[in-house]
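Data first, discussion second: the structure below is written as structure tokens.
Just so it is clear: chains get the letters A, B, ... in the order the sequence lines come, proteins before strands, and each one is counted from 1.
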There are 2 protein chains.
Amino acid sequence: MGLETIDRIRAFNRYYVRAIGLLENTVVKSGYTLTEAHIINEVNATPNTTATEINKKLKLDEGYLSRVIKKLISNSLLTKSRSATDKRAYVINLTEKGRTEYQKLDSRSTELVASNISNLDSKETVELANLMDRIQFLLEKNTSLEKDIIS
Amino acid sequence: MGLETIDRIRAFNRYYVRAIGLLENTVVKSGYTLTEAHIINEVNATPNTTATEINKKLKLDEGYLSRVIKKLISNSLLTKSRSATDKRAYVINLTEKGRTEYQKLDSRSTELVASNISNLDSKETVELANLMDRIQFLLEKNTSLEKDIIS
DNA sequence: ATTAATACTTGACAAAAGCAAGTAATTAAT
DNA sequence: ATTAATTACTTGCTTTTGTCAAGTATTAAT
């Protein structure tokens, strides 16, 4: 297959890095940092989670995560209460406001994607999603678990 | 096609953001920040460029860019000299060391991609590159120029 | 019981990035 | 032609983001 195939993959990665960078800016304009948005997403996806659980996905510095959570609590998006089963840990949940904000971020994100593919007809849109699924499938073949990187 | 198609696209974006985040960490371990690496790439791609030209691609804060370039100059990777044709601007180039470092970053990146797809056979690897090309083609359909975002 | 590991916090600090004001050179406007 | 506006870049100041290390409390391991 040759080196030029890898170069094509790298070209895509550069392209997508840039595209995603623009996304990130847009998320930030929503008033939350990307990290905050990720945390909100995580807590939404798995209620009654803990900082350690969140960090298995986000892999931030523990101290930093602790502070960001603190900030989200002081902004009334999250609640934290000592776990009954493990008093070292704190159970984290979204507040009502937190759920509302999650919904906003979520629909905002959907709108953005929709607008970014607005020139595609529905056939092409489905094709795009299929291509993406296939890429993810191929890339995940390489990494049985968790350690997947692409560069 | 329905909302679930957009959700699939968003799922891929999340997946890829994470994958690219891991890439970034790896680049950083090379001793340069991602921003520095991008600048080095740009100067390599277009010699005799200027800060403004670089920033058309990278879209950083001007002041920040100015400082990063300064740092790269003090590390002997770049040179800067007043443009003869426009004395406001500075012509930027790689030094010999800069070229060497570019080559290192470049081959490192190729190696990383290769290792991340090492489980694919050559047929699948070509398929992957084709899928990526097609995605890029579809996404670029949406934006005649420069303003492409995907989220 | 003692030691080690886990969950989290806090203080101090460093790096990355953004904002705003400024200089000098060039281009556009009248 | 002179003034005004724009462009290219720099610098000081601040904020945001992230790291490191030390510490507390709790739980698990031996």
Salt bridge (Lys or Arg N to Asp or Glu O under 4.0 Å) contacts touching residues 128-137 of chain B (sequence neighbours left out):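 Counting only pairs at least two positions apart or across chains, the salt bridge (Lys or Arg N to Asp or Glu O under 4.0 Å) contacts touching residues 128-137 of chain B are Arg8(A)-Asp133(B), Glu127(A)-Arg134(B).
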Nucleotides 22-30 of chain D: protein proximity per nucleotide (B base, S sugar-phosphate only, - neither; heavy atom, under 4.0 Å): ---BBS---
Donor-acceptor contact present, side-chain Asn116(A) to main-chain Leu112(A), <3.5 Å: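 The answer is yes, because a donor-acceptor pair under 3.5 Å joins these two groups.
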Between [N] ([atom2]) and [X] ([atom1]): distance, integer Å:
X: Leu34(B); N: dT17(D); atom1: CG; atom2: P; answer: 17 Å
X: Tyr90(B); N: dA24(C); atom1: OH; atom2: P; answer: 11 Å
X: Asp61(B); N: dA15(C); atom1: CG; atom2: P; answer: 19 Å
X: Asn55(A); N: dG18(D); atom1: CG; atom2: P; answer: 12 Å
X: Glu62(B); N: dA21(C); atom1: CD; atom2: P; answer: 15 Å
X: Glu53(B); N: dT7(D); atom1: CD; atom2: P; answer: 13 Å

Terminal axis angle for the helix from dA1(C)-dT30(D) to dT30(C)-dA1(D), five pairs an end, nearest 10 degrees: 30°
Pairwise distance NZ(Lys71(A)) to OH(Tyr32(A)) - rounded to 0.5 angstrom: 9.0 Å
Whichever of Val91(A) and Leu60(B) has its nearest DNA chain C nucleotide further upstream toward 5': Val91(A)
Residue pair Glu140(A) / Tyr15(B), side-chain donor-acceptor N/O under 3.5 Å: no
Qualifying residue, where the test is side-chain contact (heavy atoms from CB on, under 4.5 Å) with Thr49(B) and the options are Val43(B), Asn93(B), Ile39(B), Val91(B):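 It is Val43(B), the one option of Val43(B), Asn93(B), Ile39(B), Val91(B) that forms the side-chain contact (heavy atoms from CB on, under 4.5 Å) with Thr49(B).
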SB check Arg108(A) Glu111(A) (cutoff 4.0 Å): no
Selection from dT10(D), dT9(C), dT17(D) that lies nearest to any side-chain heavy atom of Thr33(A):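 Of all the options, the side chain of Thr33(A) is nearest to dT17(D).
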Residues, nucleotides or ligands: over 12 heavy atoms within 6.0 Å of Lys87(B) NZ: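 It does not: Lys87(B) NZ has 12 such atoms or fewer within range.
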Mutual orientation of the aromatic rings belonging to Phe12(B) and Phe12(A) [parallel < 30°, tilted 30-60°, perpendicular > 60°]: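 Plane angle between 30° and 60°, so tilted.
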Nearest non-hydrogen partners of Leu120(B) and Leu138(A), listed with the distance: CD2-O, 3.4 Å
Would you say [N] has OP1 or OP2 under 4.0 Å from some side-chain N or O of [X]?
X: Thr50(A); N: dA7(C); value: no
X: Thr35(B); N: dA17(C); value: yes
X: Thr52(B); N: dC9(D); value: yes

Pairing residues for Thr100(A) by the side-chain contact (heavy atoms from CB on, under 4.5 Å) criterion, not counting sequence neighbours: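 With neighbours one apart ignored, the set is Lys104(A).
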Members of residues 63-75 of chain B that approach DNA chain D, where some heavy atom sits under 4.0 Å away: Gly63(B), Ser66(B), Arg67(B), Lys70(B)
Under the side-chain hydrogen bond (donor to acceptor under 3.5 Å, both in side chains) test, residues paired with Asn75(A) that sit two or more places apart: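 Result, side-chain hydrogen bond (donor to acceptor under 3.5 Å, both in side chains) vs Asn75(A): none returned.
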